[in-house]
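Naming: A, B, ... by sequence-line order, numbering from 1 per chain.
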Amino acid sequence: MSIRLFNTLTREIEDFQPTDPHRVRMYTCGPTVYNYAHIGNFRAYVFEDLLQRHLEFRGFTIDRVMNLTDVDDKTIRGCRHAGVPLGEFTREYKQAFFQDLDALRIKRAAHYPEATASDHITRMIEMISDLVKKGHAYRAEDGSVYFRIRTFPNYGKLAHFNLDELQPSGRVASDEYEKEQIGDFALWKAWDEADGDVFWESPWGRGRPGWHIECSAMATAILGASLDIHCGGEDNIFPHHEAEIAQSESVTGAPFVRYWLHCKHLLVDGRKMAKSEGNFFTLRDLQAKGWTGREVRYVLLSVKYREQLNFTFESLEAARKSLARFDEWSRRLQETASTTPEPLPETLDPERFGAALDDDLNISAALGALFELIRESNRLLDAGQLTPGQARSLLAWRERIDSVLNFSADDEGVPAEVQALVDQRTAARANKEWALSDVLRDQILALGWQVKDTKDGQKVSRKG
RNA sequence: GGUGGAAUAGCCAAGUGGUAAGGCACAGCUCUGCAAAAGCUGGAAACGCAGGUUCGAUUCCCGCUUCCACCUCCA
């Protein structure tokens, strides 16, 4: 069974066939490093992580690129406000970004090119020069260079926009009177005073690259003229990805991307996330409230990428409980398993999980299959009907699907201080000193750990 | 104004032209010194509203309502 993905370009679910049968060239639009990324940004990155991991699960090798936009209006404004050089300003947010990726258990891309790297600036200038030479771009009076969209008949094809119907939304300052056509977009932005010392020399004078050209330059430099997959948030469809197609194909003459995948935005409490609404969260905000990256990952992952995801604190609570169920099931299997795998009972269906993900990454259905399998195997464990060999096979299956989900609990050692109290409590309980037992339980709780009295003695874990 | 997406139990969320996966919450049971935890079990008399097509629609079509998104640098 092949993998089916929804292609924004055709608006259809298509069988996925990379150019090279085994290697997938994948480009994912990354962050602009002027601030800490918010959970909406991370929904996109978690979706891309799921895509990469499932493709790997199915045997593909993924060569993935994610760019870091470290020069644009916001980064320049930010560094000037902070009174530090651009590179210094963005460095902090780059580091924070990678910390957040780790917390969310997002697999690293193979490449994280930075827009300001000199090789990339050089390539952008070369591409723009080529576009000017071919008549696809022109230099305006102030030294900015624009792409001439009427030279690219397919412009608007990805977004399915009719150019004649495009209307300025008023969101963007329309001070670019020098453009031939309203839809022409900047390839190179001429320096002005607000840019301070941020500029590069070019054939058109001092300036800096436009946003769109950065992705085209870095994607084609690293992955070649044609990519298999290009992802981003739905807001990137227009104009960003539309512009990337126009630039890239006008330079290379080759189809830029075969499969375009876009994830929907998330809402918070049913509303658009916005600072002015007071429902705007970075990962750090949630961590400060005691939520772990694993829990946030679960929430961001658990809804299909083509549906809006309604983020709530109730959903975080549910994620915590669901993960606890997964952890407990894993622990029970571990206790039962032998070393020799045996065929699974017929009531367990290990194929549904992957099959659901093959179907345009239907993660909800995949998780449904996982939890049904958990319930059924718990039932068998309760009845003593799951053999140690079958438990071993289930653990092996668990490892496989966890290569996609990455839900496993961190192995966290119990501090000696806590362990000492637990040992005392074990002794107290052996003597039926219940009052002492309860006091010790409270002391352990005060240290941030909790004990559960099971048939097999005390189990200690981090207080949820 | 243009274009696109969505409305399923208290909450989140799959799915199908023939009477609804899963998770959380809730209730019961088991376990237990107590508690907690864990496991199991249970539950929607029709899936936004009003029509139409059909033997039959939540699933197809029309209209309406509400929400969301994009319309030139917001994932």
Side-chain angles (χ1 to χ4, degrees), chain A residues 11 28-32 37-48 69 72-74 149 156 159-172 174 176 179 182-186 189 210-212 214 231-240 242-243 262-267 270-274 298-299 302-304 306-312 314-325 328-329 331-332 352 356 362-372 374-375 378-379 381-383 429 432-435 437-438 441 445 450-455 459 461 464:
Chain A
R11 304 258 165 124
T28 47
C29 282
T32 301
H38 58 68
I39 56 174
N41 300 81
F42 284 118
R43 189 207 183 175
Y45 307 142
V46 168
F47 143 64
E48 289 152 2
T69 299
D72 80 322
D73 290 349
K74 292 190 286 284
I149 60 170
H160 294 227
F161 279 160
N162 179 345
L163 293 186
D164 299 332
E165 291 170 354
L166 287 187
Q167 215 179 69
S169 66
R171 196 175 63 193
V172 172
S174 52
E176 294 163 337
K179 288 197 286 190
I182 184 82
D184 289 353
F185 56 88
K189 303 182 85 158
W211 178 40
H212 313 304
E214 153 195 338
C231 309
E234 57 176 338
D235 56 295
N236 278 160
I237 297 171
F238 194 91
H240 186 49
E242 200 72 60
H262 296 94
C263 71
K264 286 216 170 191
H265 282 183
L266 64 70
L267 306 177
R271 310 291 307 172
K272 182 178 178 173
M273 183 170 73
Y298 188 100
V299 173
S302 59
V303 176
K304 277 188 72 171
R306 286 204 291 127
E307 300 292 338
Q308 281 174 338
L309 185 160
N310 187 17
F311 184 93
T312 62
E314 207 173 351
S315 65
L316 274 172
E317 199 70 58
R320 177 170 286 177
K321 295 292 176 56
S322 300
L323 286 166
R325 184 164 161 80
E328 182 63 15
W329 172 71
R331 191 190 62 73
R332 291 185 78 185
R352 276 176 57 203
N362 189 342
I363 186 66
S364 303
L367 290 177
L370 167 63
F371 281 103
E372 278 191 60
I374 287 176
R375 178 155 36 74
N378 276 333
R379 213 180 271 148
L381 281 165
D382 285 351
R429 294 177 62 73
K432 297 195 187 297
E433 297 173 44
W434 307 125
S437 169
D438 291 350
R441 181 165 63 198
L445 194 61
Q450 64 183 7
V451 291
K452 305 172 197 169
D453 298 319
T454 73
K455 289 190 284 289
K459 302 285 183 203
S461 61

Rounded off to whole Å, could you give me the [atom1]-to-[atom2] distance for the [X] and [N] pair?
X: A:His262; N: B:A69; atom1: NE2; atom2: P; answer: 17 Å
X: A:Arg306; N: B:A69; atom1: CZ; atom2: P; answer: 19 Å
X: A:Phe185; N: B:C71; atom1: CZ; atom2: P; answer: 15 Å
X: A:Leu267; N: B:A69; atom1: CG; atom2: P; answer: 7 Å
X: A:Phe238; N: B:C70; atom1: CZ; atom2: P; answer: 13 Å
X: A:Glu234; N: B:G4; atom1: CD; atom2: C1'; answer: 9 Å
X: A:Arg379; N: B:U41; atom1: CZ; atom2: C1'; answer: 9 Å

Partner nucleotide, any strand, of [N] [Watson-Crick/G-U, under 3.5 Å]:
N: B:A37; answer: none
N: B:A6; answer: B:U66
N: B:G42; answer: B:C26
N: B:G1; answer: B:C71
N: B:A57; answer: none

Rounded to the nearest 0.5 angstrom, the NZ-CZ distance for A:Lys264 and A:Arg43 is 9.5 Å
Working to the nearest 0.5 Å, report the span between CG of A:Leu370 and CZ of A:Arg325. 9.5 Å
Euclidean distance for [atom1], [N] against [M] (whole angstrom):
N: B:C70; M: B:A13; atom1: C1'; value: 25 Å
N: B:G5; M: B:A44; atom1: C1'; value: 26 Å
N: B:G15; M: B:U58; atom1: C1'; value: 10 Å
N: B:A14; M: B:A38; atom1: C1'; value: 27 Å
N: B:G42; M: B:G48; atom1: P; value: 26 Å
N: B:C11; M: B:C26; atom1: C1'; value: 12 Å
N: B:C47; M: B:U19; atom1: C1'; value: 12 Å
N: B:C60; M: B:U16; atom1: P; value: 10 Å

Does B:C68 have OP1 or OP2 under 4.0 Å away from a side-chain N or O of A:Arg271? yes
A:Arg375 side-chain N/O to B:G22 phosphate OP1/OP2 under 4.0 Å: yes
Among all residues two or more places apart in sequence or in another chain, which pass the ring pair (Phe, Tyr, Trp, His ring centres under 6.0 Å) test with A:His240? A:Trp211, A:His212
For [X], check salt bridge (charged side-chain N to carboxylate O under 4.0 Å, His left out) against everything at least two apart and list the hits.
X: A:Asp72; result: A:Lys74
X: A:Arg352; result: A:Glu372
X: A:Arg331; result: A:Glu328, A:Glu335
X: A:Asp438; result: A:Arg441

Using a cutoff of under 3.5 Å, can you pull out all pairs of nitrogen or oxygen atoms linking the protein to nucleotides 35-38 of chain B, with atom names and distances?
| unit_1 | atom_1 | unit_2 | atom_2 | d |
| --- | --- | --- | --- | --- |
| B:A35 | N6 | A:Asp453 | OD2 | 3.3 |
| B:A35 | N1 | A:Arg441 | NH1 | 3.3 |
| B:A35 | N1 | A:Asp453 | OD2 | 3.4 |
| B:A35 | N3 | A:Arg441 | NH1 | 2.8 |
| B:A36 | N1 | A:Asp453 | O | 3.4 |
| B:A37 | O2' | A:Lys452 | NZ | 3.0 |

Does a side chain donor of either A:His262 or A:Asn236 reach within less than 3.5 Å of an acceptor in the other side chain? no
Can you check whether A:His265 stacks with the B:A75 base, using ring centres under 5.5 Å and planes within 30°? yes
Would you check if A:Trp434 stacks with the base of B:G33, given a 5.5 Å centroid limit and a 30° plane limit, both strict? yes
Of A:Lys264 and A:Gly233, the one whose closest RNA chain B nucleotide lies more 5': A:Lys264
Between A:Tyr298 and A:Gly210, name the one whose nearest nucleotide on RNA chain B is closer to the 5' end. A:Tyr298
Measure from the side chain of A:Arg352, starting at C-beta and using heavy atoms only, and say which of B:C40, B:A75, B:A21 lies closest. B:A21
Residues that A:Val299 engages under side chain to side chain contact (heavy atoms under 4.5 Å, CB included), provided they are two or more places apart: A:Leu309, A:Phe311, A:Ser315, A:Leu316, A:Ala319
All N/O contacts under 3.5 Å from nucleotides 11-14 of chain B to the protein, with atom names and distances to one decimal?
| unit_1 | atom_1 | unit_2 | atom_2 | d |
| --- | --- | --- | --- | --- |
| B:C11 | O2' | A:Glu314 | OE1 | 3.3 |
| B:C12 | OP1 | A:Asn310 | ND2 | 3.4 |
| B:A13 | O2' | A:Ser364 | OG | 3.4 |
| B:A14 | O5' | A:Ser364 | OG | 3.4 |
| B:A14 | O3' | A:Asn362 | ND2 | 3.0 |

Counterpart residues, side chain to side chain donor-acceptor pair (under 3.5 Å), relative to A:Glu317 (two or more places apart): none
Heavy atoms only: give me the nearest A:Pro31-A:Tyr45 pair and the separation to one decimal. N-OH, 3.2 Å
